[in-house]
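Numbering starts at 1 and runs along the sequence shown. The structure displayed is predicted, hence computed values, not measured ones.
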Amino acid sequence: MSSLLLIIFVTELVVQLVNTLGATTINDSLWRIYLTLPTPLSLEFAQQRKKQKEYLAVRHELKATSSQDEFAKWAKLRRQHDKLLEDLEKKKVSLEAARTKFDRTLTTTRTVSTRGVQWFLPFWYSKEPMFWLPYGWFPYYVEWFASFPRAPMGSVSIVVWQWACTAVIALMIEAATAALVYVAAKHSQKVRQPVPAQSEKKDS
């Protein structure tokens with residue numbers, strides 16, 4: 001059962017980290033990492049950035065060209081401007097659809113691998129003892145609670161182990177967050193502390 005104990009702990013750790021960091025932040029980070037990989041989608045983004053630079057250059061030149069004094073040049077630039085803008089709008093819709101699909105896939109995978117495991121394992125192993133308490137060390141009501149809901153009396157059930165992991169991990173994350181805030185505050189206070197001016201030496 002040691003592997004099952006570890007699976008429960010890791011699952012609860014992932015869930016608590018997602019709740020602390022936020023699903024949107026995690027999705028954004030994974031999206032940026034995904035775009036650095038050699039995939040067709042990353043190539044499309046590179047092409048879009050290149051076309052955006054081209055569009056901005058044409059737009060700047062169009063604004064600097066007089067429609068009265070240089071009509072032929074202005075009309076040509078205007079056509080290029082409109083064509084590039086249309087291509088960018090189409091590409092934007094396509095890339096936004098790809099991002100939506102990416103987020104939906106991540107959300108589904110994260111839900112199945114965390115919430116799904118959280119519900120399935122306690123149901124499937126509800127009667128299995130995770131480990132046994134030392135015989136005679138605890139009163140009846142403690143053993144009853146530890147074995148809740150259907151594990152053998154005197155053992156720790158998967159549900160209670162899951163609760164314990166959640167509580168301990170939440171306390172660890174809270175303590176780590178408080179420590180980081182304290183260190184950041186001390187560092188900020190140290191940076192803002194004025195440096196005392198050196199007193200001028202008087203001629204003796």
Student: Can you find a heavy atom in the side chain of Q80 that is under 4.5 Å from one in the side chain of L77?
Tutor: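 Yes, their side chains come closer than 4.5 Å.
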Student: With side chains defined as the heavy atoms from C-beta onward, is the minimum distance between Q68 and W74 less than 4.5 Å?
Tutor: no
Student: Should we say atom CZ of F71 is surrounded by more than 12 heavy atoms from elsewhere, each under 6.0 Å from it?
Tutor: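 At most 12 heavy atoms, drawn from other residues, nucleotides or ligands, come within 6.0 Å of this atom.
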Student: I need the L88 CG to K83 NZ distance, nearest 0.5 Å.
Tutor: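 It comes to 10.0 Å.
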Student: How are the rings of W31 and F45 set to each other: parallel, tilted or perpendicular (split at 30° and 60°)?
Tutor: perpendicular
Student: Take atom CZ of R110 as the centre, draw a 6.0 Å sphere, and report whether it contains more than 12 heavy atoms from other residues, nucleotides or ligands.
Tutor: yes
Student: Would L180 and Y182 show up in the same hydrophobic cluster when neighbours are defined by side-chain heavy atoms closer than 4.5 Å?
Tutor: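 Cluster IDs for L180 and Y182 differ.
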Student: Measuring from T166:OG1 to N19:CG, what's the distance to the nearest 0.5 Å?
Tutor: 10.0 Å
Student: Tell me the closest heavy-atom pair linking K127 and P152, and the distance in Å.
Tutor: O-CD, 3.4 Å
Student: Would you compute the distance between atom OG1 of T100 and atom CG of L95 and round it to the nearest 0.5 angstrom?
Tutor: 10.5 Å
Student: If you group Ile, Leu, Val, Met, Phe, Trp and Tyr by side-chain heavy-atom gaps below 4.5 Å, do L121 and F9 land in one group?
Tutor: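 The answer is no; the residues belong to distinct hydrophobic clusters.
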Student: Apply side-chain contact (heavy atoms from CB on, under 4.5 Å) to the pair R115 and V15, showing each step before the final yes or no.
Tutor: CA-CA 8 Å; R115 299 300 181 183; V15 170; 3.8 Å; yes
Student: For residues I158 and W124, determine if any side-chain heavy atom of one lies less than 4.5 Å from a side-chain heavy atom of the other.
Tutor: no
Student: Assess whether side-chain contact (heavy atoms from CB on, under 4.5 Å) is satisfied between L41 and Y34, documenting all intermediate values.
Tutor: CA-CA 9 Å; L41 187 60; Y34 180 70; 3.5 Å; yes
Student: Using a strict 4.0 Å threshold on nitrogen-to-oxygen distance, state whether E54 and K50 make a salt bridge.
Tutor: no
Student: Could you walk me through whether D103 and T24 pass the side-chain contact (heavy atoms from CB on, under 4.5 Å) test, one step at a time?
Tutor: CA-CA 9 Å; D103 288 344; T24 302; over 6 Å; no
Student: Taking all non-hydrogen atoms of both residues into account, name the closest pair between K73 and T65 and its distance.
Tutor: CE-OG1, 4.0 Å
Student: When you look at CD of E70, are more than 12 heavy atoms from neighbouring residues, nucleotides or ligands closer to it than 6.0 Å?
Tutor: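 Count over threshold, so yes.
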Student: Indicate whether the side chain of R49 and that of Q52 have a donor and an acceptor atom separated by less than 3.5 Å.
Tutor: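 There is no such pair (donor and acceptor under 3.5 Å, judged by atom type) between the side chains of R49 and Q52.
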Student: What pair of heavy atoms forms the shortest contact from F123 to R150, and how long is it?
Tutor: O-NH2, 4.3 Å
Student: Could you tell me the separation between the CG atom of L13 and the OG1 atom of T114, rounded to the nearest 0.5 Å?
Tutor: 12.0 Å
Student: Please check: side-chain N/O of S42 versus main-chain N/O of P38, any donor-acceptor pairing under 3.5 Å?
Tutor: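 Checking the backbone N and O of P38 against the side chain of S42, no donor-acceptor pair under 3.5 Å is found.
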Student: So D87 and K91, side-chain contact (heavy atoms from CB on, under 4.5 Å) or not? Walk me through it.
Tutor: CA-CA 6 Å; D87 292 343; K91 185 65 68 176; over 6 Å; no
Student: Specify whether F131 and W161 have parallel, tilted or perpendicular ring planes, treating 30° as the upper limit for parallel and 60° as the lower limit for perpendicular.
Tutor: perpendicular
Student: If you look at every heavy atom in S113 and T11, which pair is closest and at what distance?
Tutor: O-CG2, 4.4 Å
Student: Heavy-atom count around M172 CE within 6.0 Å, excluding the residue itself: above 12?
Tutor: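 No - once you tally the heavy atoms of other residues, nucleotides and ligands closer than 6.0 Å, there are 12 at most.
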Student: According to a hydrophobic-cluster definition based on side-chain heavy atoms being under 4.5 Å apart (Ile, Leu, Val, Met, Phe, Trp, Tyr only), do L133 and W137 belong together?
Tutor: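 Both belong to a single hydrophobic cluster.
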Student: Is it true that a side-chain atom of S155 and a backbone atom of A151 form a donor plus acceptor pair closer than 3.5 Å?
Tutor: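 No: the side chain of S155 does not pair with the backbone of A151.
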Student: May I ask you to decide whether D28 forms a salt bridge with R32, counting only side-chain N to carboxylate O separations under 4.0 Å?
Tutor: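 So D28 does not pair with R32 through a salt bridge.
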Student: When hydrophobic residues are tied together by side-chain contacts of less than 4.5 Å, even through go-betweens, does Y140 share a cluster with F148?
Tutor: yes
Student: Using the rule that Ile, Leu, Val, Met, Phe, Trp and Tyr join whenever any side-chain heavy atoms are under 4.5 Å apart, tell me whether L5 and Y125 fall into a single cluster.
Tutor: yes
Student: Is N27 close to R99 at the side-chain level, that is, under 4.5 Å between some pair of heavy atoms?
Tutor: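 Result yes, sub-4.5 Å side-chain heavy-atom pair found.
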Student: Looking at side-chain heavy atoms only, is the closest gap between V142 and P139 below 4.5 Å?
Tutor: yes
Student: With rounding to the nearest 0.5 Å, note down the distance linking CG in L4 to CE in M130.
Tutor: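 Rounded to the nearest 0.5 Å, the CG-CE separation comes to 4.5 Å.
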Student: Counting only N and O atoms by type, is there a donor-acceptor contact under 3.5 Å from the side chain of Q162 to the main-chain atoms of Q118?
Tutor: yes
Student: What's the separation between atom CG in L85 and atom CZ in R59, rounded to the nearest 0.5 Å?
Tutor: 9.0 Å
